[in-house]
Structure formats: C-alpha cells, structure tokens
Amino acid sequence: MLRDEPIERLESALQAVMLVLKQERLHEFLIDRARADLDRAGVALLYVLYRDDTEQVGLRVCDLAERLRVDAPTVSRKARQLERSGLLGRGADDVDHRAVRLRLTESGRAAIDAVLGARHDWLTEVLADWSPDEMAVFAGMLRGFADGVTRHLEDHHVR
C-alpha cells in the first residue's frame with residue numbers, strides 16, 4: 001500500500017488532538033475554572049440548548065437527541081438530572097401537547113456561560129503565541145474539516 005505522508009501527518013495530529021480534548025482532566029480543569037458542577041454530557045446538553053434555542057422556546061427531547069447524536073432515553077435521563085439541579089425547565093409544546101420542551105433556566109444559562117467563559121480563557125492561554133491571522137486560518141480550516149466530516153457521515157447514513 002502506498003503511504004500518503006500528508007494524510008499520515010494529519011492522522012497523527014488528529015489523534016493527538018482527540019486524546020487531549022477527551023481527557024477527563026481537561027474537562028475537570030475547565031469545570032473547576034467555571035465553578036460549575038457538570039459532567040460532559042450535561043455540558044453538551046446545555047450547550048445545544050444555549051446554541052440552538054435562540055428564541056428561548058426550548059427544544060423537544062427528540063430534537064436534542066438528534067443534535068447530540070444519542071438516543072432520546074439518554075437525553076431524558078440527563079435532562080431529569082439537570083432539571084433536579086435547577087439548570088433546565090420543562091414546558092408544553094404549543095403544537096404537540098404530548099411533547100415537552102426543555103429550556104435553560106437562568107441558572108442553566110449562567111452555568112453554560114461560565115463553562116464557555118472558562119473555555120475561552122483556556123484557549124486564549126493555549127494560543128497566546130498565535131497571531132490573530134493564524135487563529136483565523138486555523139478556525140476556518142477546523143470548521144471546514146468538521147463540516148466535511150459531517151457531510152461524509154450524512155452521505156453514508158451514519159448516525
């Protein structure tokens with residue numbers, strides 16, 4: 001098999017990034033800085049509501065599950081936990097009265113704001129030696145890569 005040096009270098013770099021970003025100690029570091037009591041799943045769920053719910057009407061469990069690429073019972077369990085913590089609220093769906101919409105409470109919005117602020121500060125520290133142009137190029141390339149992966153998975157019907 002013919003080796004493709006640029007692809008091998010990308011594979012190696014991607015593996016290194018994935019290992020670092022998936023480390024529990026990084027999550028704990030950011031959560032500690034944010035002074036939040038959240039696990040990764042909680043952060044992910046709050047972030048989707050924060051990012052995707054611009055009109056603050058909430059999202060249905062099935063919509064959250066689709067965006068998180070997990071099953072609805074998993075989202076329901078995590079949502080109940082976040083609701084008990086006061087970070088999520090529930091409301092009726094105006095269209096389908098059987099459905100429930102989840103929305104951030106003020107405490108939930110404050111928690112995800114704190115996590116995002118901690119991540120912003122961390123990235124600022126990590127990239128302190130980078131120029132704004134380098135960061136912009138990297139961000140554009142990283143977004144393009146993420147979009148390409150998403151398209152590829154959708155084209156191959158991978159959930």
CG (L68) and NZ (K78) are apart, to the nearest 0.5 Å, by 11.5 Å

Co-membership, hydrophobic cluster, residues L14 and L142, 4.5 Å side-chain
no

Report yes or no: do L45 and I31 belong to one cluster of Ile/Leu/Val/Met/Phe/Trp/Tyr joined by side chain heavy-atom distances under 4.5 Å?
yes

Problem set entry | Within 6.0 angstrom of D37 CG, more than 12 heavy atoms from elsewhere | no

Side-chain donor or acceptor of R103 paired with backbone N/O of V57 under 3.5 Å: yes

>> Check whether F29 forms a cation-pi arrangement with R119 (NZ or CZ under 6.0 Å from the six-membered ring centre, at most 45° off the ring normal).
In response: no

*Single-linkage hydrophobic cluster, 4.5 Å side-chain cutoff, W130 and W122 together*: yes

Output for pair (L64 CG, T74 OG1), nearest 0.5 Å, gives 12.0 Å

### Message
In the structure I gave you, are the side-chain heavy atoms of V115 and Y47 within less than 4.5 Å of one another anywhere?
### Response
no

Taking the side chain as every heavy atom from C-beta outward, state whether D96 and R60 have any atom pair closer than 4.5 Å.
yes

Between the CG atom in L59 and the CZ atom in R67, the distance rounded to the nearest 0.5 Å is 5.0 Å

Nearest heavy-atom approach of D4 to P6 is OD1-CD, 3.0 Å

Open item on the list: Tell me whether R40 contacts the main-chain N or O of K22 through its side chain, where contact means a donor paired with an acceptor under 3.5 Å.
Closed with: yes

**Q.** L49/L88 under side-chain contact (heavy atoms from CB on, under 4.5 Å): CA gap, chis, key distance, verdict
**A.** CA-CA 10 Å; L49 283 170; L88 283 185; 3.2 Å; yes

Margin query: So that I can tick it off, tell me whether E125 and R33 are bridged by a salt bridge, with the cut-off set at under 4.0 angstrom between side-chain N and carboxylate O.
Written below: yes

| query | H27 side chain to L38 main-chain N or O, any donor-acceptor pair under 3.5 Å? | reply | yes

Item checked: E24, CD: over 12 other non-hydrogen atoms inside 6.0 angstrom -> yes

Distance col, row I7:CD1 vs S12:OG, nearest 0.5 angstrom, shows 12.5 Å

Review point. With distance as the sole test, does T105 use its side chain to make a donor-acceptor pair with the main-chain N or O of G86 at under 3.5 Å?
Key: yes

So, do R77 and P73 sit near enough that their side-chain heavy atoms are less than 4.5 Å apart? yes

- Message: Do V61 and V100 make a side-chain contact, defined as non-hydrogen atoms from C-beta onward lying under 4.5 Å apart?
- Response: no

The reported gap from OG in S76 to CD in Q81 (rounded to nearest 0.5 angstrom) is 13.0 Å

Discussion item. Quick one: does any side-chain atom of H152 pair with a main-chain N or O of G148 as donor and acceptor, under 3.5 Å?
Written reply: no

Report yes if the side chains of I112 and L87 come closer than 4.5 Å at any heavy-atom pair, otherwise no. no

Q) Do F138 and V149 belong together in a cluster built from hydrophobic side chains that touch within less than 4.5 Å? A) no

One should read off an interatomic distance between R90 CZ and R101 CZ, to the nearest 0.5 angstrom, of 13.5 Å

Q: Answer yes if the side chains of D147 and T150 hold a donor-acceptor pair under 3.5 Å, and no otherwise.
A: no

Check: Do NZ/NE/NH1/NH2 and the carboxylate oxygens of R98 and D93 come within less than 4.0 Å?
Finding: no

Please answer: with hydrophobic residues joined when any side-chain heavy atoms are less than 4.5 Å apart, are L127 and L116 in the same cluster? no

Practice prompt. Find out whether L21 and V17 are in side-chain contact, i.e. whether some heavy atom of one side chain is under 4.5 Å from a heavy atom of the other.
Written response: yes

